There are 2 protein chains.
Amino acid sequence: MTGANESSRLLVRGIAQLASPAGTHAPLRERSLGEVDVLEDAYVLCEDGLVAAVGPMRELPKLDGDVEDLDARGMCAIPGLVDCHTHACFGGDRVEEFSLRAAGAGYEELHAAGGGILSTVRATREAGHEGLREAVRRHRGWMLAAGTTTFEAKSGYGLDREHEIASLEAIRDEGGIATFLGPHAVPPELDDADEYVDFLLAEVVPEAARVAEAADVFVERGAFDVEQARRYLWACGEAGLVLRLHGDQFTELGAVPLAVEIGARSVDHLEATGEAGISILAASGVVGVLLPASALFLDRPMPQARSMVEAGAAIALATDFNPGSSFCESLPIVCSLACTQLHLSPAEALSACTVNAAYVLGRADRAGRVAPGYTADLVLLDAPDWRYLPYHLAGPVVGAVVQGGRVAWRR
Amino acid sequence: MTGANESSRLLVRGIAQLASPAGTHAPLRERSLGEVDVLEDAYVLCEDGLVAAVGPMRELPKLDGDVEDLDARGMCAIPGLVDCHTHACFGGDRVEEFSLRAAGAGYEELHAAGGGILSTVRATREAGHEGLREAVRRHRGWMLAAGTTTFEAKSGYGLDREHEIASLEAIRDEGGIATFLGPHAVPPELDDADEYVDFLLAEVVPEAARVAEAADVFVERGAFDVEQARRYLWACGEAGLVLRLHGDQFTELGAVPLAVEIGARSVDHLEATGEAGISILAASGVVGVLLPASALFLDRPMPQARSMVEAGAAIALATDFNPGSSFCESLPIVCSLACTQLHLSPAEALSACTVNAAYVLGRADRAGRVAPGYTADLVLLDAPDWRYLPYHLAGPVVGAVVQGGRVAWRR
């Protein structure tokens with residue numbers, strides 16, 4: 001946002017279809033999740049980084065002064081996508097592990113064999129502060145090209161004070177929303193999860209809370225149990241952080257009830273969540289963040305998204321971008337998977353990775369809709385129908401991305 | 001190929017990893033399917049559209065005369081991808097049907113309700129000859145950007161003499177390898193599959209055989225049975241066409257035994273093929289063409305690829321690009337699905353959509369390898385390891401595409 005001057009106006013004109021989640025509240029649930037307003041032959045006027053006006057071309061007012069024009073005839077537009085769950089700050093890759101897994105090794109096996117998260121911890125510590133910044137910058141560029149204009153990223157590959165804080169700073173400084181995931185795994189130099197949680201609370205949380213907006217914990221066999229998660233999250237809440245959990249990825253250990261008990265903003269993964277967990281989630285204010293690219297990558301069962309929506313739960317979609325279990329920064333393919341594997345409609349998928357994801361990140365008043373007062377983030381699709389976003393599987397659908405009222409990327 | 005002159009030389013230099021299927025035979029089976037030669041810090045010299053030499057940079061000879069240089073430092077290279085099963089010649093789209101299916105309708109239900117293939121038949125007939133050419137051109141451009149330098153496409157959305165022949169001509173004229181798929185569905189103006197096969201044999205096959213290289217038939221409940229397929233393929237073989245079949249997509253009706261009986265080049269889909277069919281396939285010279293993007297798109301079981309490879313069957317991978325059941329022209333994502341869903345290694349996946357796919361198209365001596373004498377088709381990957389091709393799910397991995405010794409596409 002550069003202050004009010006004429007040259008910061010952008011008029012996107014002649015948009016074949018402008019699709020934006022209906023209403024003004026968030027998170028959207030049940031029927032409202034699938035309600036998307038579609039305006040044909042539309043314009044969007046951006047001023048000083050915000051959406052100033054939206055309407056049909058025939059009602060476009062005469063504009064005085066300098067306005068940059070963007071001709072979007074033959075294209076559709078949707079809100080800039082919001083990725084509310086990534087691990088985009090890491091060194092190295094896990095392509096060797098990917099290849100081994102393709103040949104039959106399981107995720108937990110690879111983890112136990114010293115691969116998995118700990119191999120990324122080594123590479124992350126080796127990357128250095130500038131290396132981590134470069135990594136986030138590169139990944140942010142990939143996300144932008146896939147239509148993501150707002151992203152969250154977690155620490156969790158440092159597992160010591162220096163590299164956890166350096167990760168959070170790299171994320172924040174490169175434009176991301178930082179989440180402190182100290183308890184992602186027990187670091188190699190410690191044996192005991194309780195001892196590590198003690199260390200985090202005493203030595204890292206106070207500083208992490210100055211950089212991050214939220215705290216997260218991996219509740220899973222071989223990672224952290226519910227009691228450790230409760231203790232950690234309680235302290236993080238006291239430090240002013242929004243609370244989130246990785247839960248029910250492989251096993252139901254009680255992450256969903258804990259999320260409700262402590263008033264978490266979200267509980268993420270939920271591939272293993274059964275009927276009881278879905279009922280508890282649906283009766284709560286906690287958003288279920290679903291990560292179908294991760295389930296695909298690991299060839300695991302998909303979360304029961306349809307049942308969650310029908311039970312009344314609020315859901316969001318995200319990539320889970322990370323080197324081990326989802327080397328995928330593309331929300332368009334997540335939307336494809338949402339339609340084909342999670343049985344969500346294109347409209348439900350769109351709402352789940354725009355307005356509901358923005359709610360998870362505390363930005364539902366600014367991001368996830370193309371409407372006056374919202375940040376001027378939109379994706380122009382090289383397609384005759386906005387639903388090509390999920391329909392054109394892995395296709396070149398994203399044609400241009402407007403971020404804060406400026407064309408930030410073009411194919 | 002422009003004849004021997006100095007200006008048609010291209011030197012691709014400094015390739016971090018050049019990966020190309022090992023050996024010289026095709027199709028590759030069993031262990032040899034997963035054998036890929038990887039050369040580090042390599043060069044590829046292209047002359048007059050062909051690969052003239054390949055080697056490590058330290059052995060690069062001094063080159064006299066004009067040579068265009070392509071700096072590939074930091075990139076990897078693989079052979080141009082070969083898509084041996086697409087339906088890239090069609091009018092319209094099926095985005096509405098995609099949305100209905102996401103909300104719960106089944107493929108066969110939608111077909112029975114007048115959606116499905118017949119809705120594309122209407123749009124294809126309406127597109128006109130030039131419209132079909134434009135469609136193939138647009139789709140070919142998408143394929144090229146995804147790394148595909150050799151593609152097959154089928155007719156099968158005309159279902160009358162004029163539009164079947166127009167489709168084949170559009171495919172051939174736009175650089176594709178044309179397959180006549182007259183028996184894709186019974187056209188709306190006829191009631192009876194036998195009557196339609198009679199018509200095809202009498203009125204269309206002779207002319208189709210002058211444009212197409214192969215014939216194909218959809219063996220399935222509600223389409224064509226084995227007896228109709230046998231009669232059709234027998235006549236097409238007499239007319240000089242290579243024989244292929246769509247088989248076992250939803251139900252095992254005997255397509256695999258028929259493929260072996262008539263000496264087909266391939267039998268494609270095989271999602272429903274069980275142990276007996278796999279044994280028959282493995283003991284034959286017929287290639288099983290697997291289409292995991294289609295299984296994903298329709299949320300159907302994946303073909304038993306691992307069992308097929310272990311039984312000794314030759315397999316290839318393709319996109320099945322079409323508007324209804326796989327709106328996906330990306331072989332990179334097919335490779336991702338091959339690794340995560342079909343349990344193939346990255347090397348097996350690469351061989352399956354290069355040299356083995358080239359074999360299906362009768363071009364194993366020219367396409368699918370980066371080796372002297374082969375067409376100079378290669379894909380440069382913006383990645384530090386060639387296995388990012390499947391690893392980076394839906395990522396911007398394809399950096400540039402060389403086709404016939406020329407840079408045909410760059411990101």
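To find a chain, count down the sequence lines: A is the first, B the second, and so on, and within it residues start at 1. All of these numbers come straight from a predicted model, not from anything done at the bench.
At distances below 3.5 Å, at least one donor-acceptor pair connects side-chain atoms of A/Gln341 with backbone N or O atoms of B/Leu296.
Atom CZ of B/Arg410 has 12 or fewer neighbouring heavy atoms from other residues, nucleotides or ligands inside a 6.0 Å radius.
Of all the heavy atoms in B/Tyr391 and A/Phe297, the pair that sits closest is O-CE1, 3.4 Å. When all heavy atoms are compared, the tightest approach of A/Phe98 to B/Cys339 is CZ-CB, 3.6 Å. Closest approach of A/Glu329 to B/Pro396, counting heavy atoms only: OE2-CD, 3.2 Å. Shortest non-hydrogen contact noted between B/Cys328 and A/Leu393 is SG-O, 3.5 Å.
Contacts between B/Asp299 and chain A at a heavy-atom distance below 4.5 Å involve backbone atoms as well as side-chain atoms. If you measure heavy-atom distances from B/Glu348 to chain A, you find no contacts under 4.5 Å at all. If you measure heavy-atom distances from B/Leu342 to chain A, you find no contacts under 4.5 Å at all. B/Ser330 touches chain A through its side chain: at least one heavy atom from C-beta onward sits under 4.5 Å away, while N, CA, C and O do not. When heavy atoms are compared at a cutoff of 4.5 Å, A/Ala145 does not approach chain B at all.
Listed options B/Pro384, B/Pro346, B/Ala103 were ranked by heavy-atom pairs under 4.5 angstrom with chain A; first place goes to B/Pro346. Between chain A and the residues B/Ala383, B/Pro323, B/Pro332, the largest count of heavy-atom pairs under 4.5 Å involves B/Pro323. Heavy-atom pairs under 4.5 Å with chain B were tallied for A/Ser99, A/Ala394, A/Ala338; the largest tally goes to A/Ser99.
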Checklist entry - Given A/His392 and B/Asp93, is the side-chain hydrogen bond (donor to acceptor under 3.5 Å, both in side chains) satisfied, shown in steps? => result CA-CA 10 Å; A/His392 195 166; B/Asp93 64 33; over 6 Å; no
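Counting heavy atoms from C-beta outward, B/Thr340 and A/Leu298 have side chains that stay 4.5 Å or more apart. The side-chain heavy atoms of A/Ser345 and B/Arg101, taken from C-beta on, include no pair separated by under 4.5 Å.
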